[in-house]
Amino acid sequence: MLRAESGGGFAWDGPVSDALDAIAPVASEEIHPDPILQASTVLLTAAAGVVGLVLLRRRRFREAAFLGGSIAGAVLLSSIVKELVERPPIEGGGDYSFPSGSATLSMAITAAAVLLARSRREQRLAAIVGAAFVVIFGGVITFEEWHYASDVLAGWCLALAWVAGLRLALYRS
């Protein structure tokens, strides 16, 4: 059985949540960085938009299309999967939780940034900074009970699959 008996998460979501509580045993009622999480998502998206505009200005149309398509496609796929799976959110109300749209967005932007980097050094830097952000952001949205760990992992996998497929489609030569 994949789903846990209590709640809508998978059986391994509970141990992941327990591990996060062991690392930082603070109830989500005591801290609630929702504005910080929302701001980081907005800033990340805005930064990607600025990069897209710079790419367009430099007439790098394929790269701009790749960046925009990576983000839009991943977010659209995440929304479609949410409607198909219909996993209720942890705290009730609101949209479905599986997969995490925030995790999908953060991974799509990071993966696109790594693939758009022109040198190995830029790719390494984008990968290191992006991975740190993606992991920390995913951990926080799990800790804050916005999402189950499986929601976050599914969002990451969905984004990686979409961005890789789009890359292959646009850069076939």
Exercise for the section: Kindly determine whether F133 and M107 satisfy side-chain contact (heavy atoms from CB on, under 4.5 Å), including the steps that lead there. Expected result: CA-CA 9 Å; F133 175 77; M107 181 60 83; over 6 Å; no
Distance, nearest 0.5 Å, that separates [atom1] of [X] from [atom2] of [Y]:
X: E63; Y: R118; atom1: CD; atom2: CZ; answer: 6.0 Å
X: I128; Y: T110; atom1: CD1; atom2: OG1; answer: 12.5 Å
X: Q123; Y: L115; atom1: CD; atom2: CG; answer: 7.5 Å

Decide whether [X] and [Y] are clustered together by the hydrophobic rule: side chain heavy atoms of Ile, Leu, Val, Met, Phe, Trp, Tyr closer than 4.5 Å, transitively.
X: I109; Y: L170; value: yes
X: L158; Y: V114; value: no
X: L76; Y: I71; value: no

Heavy-atom distance under 4.5 Å between the side chains of [X] and [Y], does that happen here?
X: T142; Y: Y148; answer: no
X: L166; Y: S70; answer: yes
X: F98; Y: K82; answer: no
X: W156; Y: T104; answer: no

Could you pull out the closest heavy-atom pair between [X] and [Y], with the gap in Å?
X: S106; Y: V134; value: O-CG2, 3.7 Å
X: A159; Y: A108; value: CB-N, 3.6 Å
X: P99; Y: G155; value: CB-N, 3.6 Å

Handout entry: From CA spacing to verdict: side-chain contact (heavy atoms from CB on, under 4.5 Å), F66, V163
Key = CA-CA 8 Å; F66 173 68; V163 172; 3.7 Å; yes
Exercise for the section: Examine distances only and state if a side-chain atom of S79 and a backbone atom of V75 form a donor-acceptor pair shorter than 3.5 Å. Expected result: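 Checked: pair present.
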Exercise for the section: Would you confirm whether R62, through its side chain, and Y171, through its main-chain N or O, come within 3.5 Å as a donor-acceptor pair? Expected result: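 Looks like no, no N/O pair under 3.5 Å.
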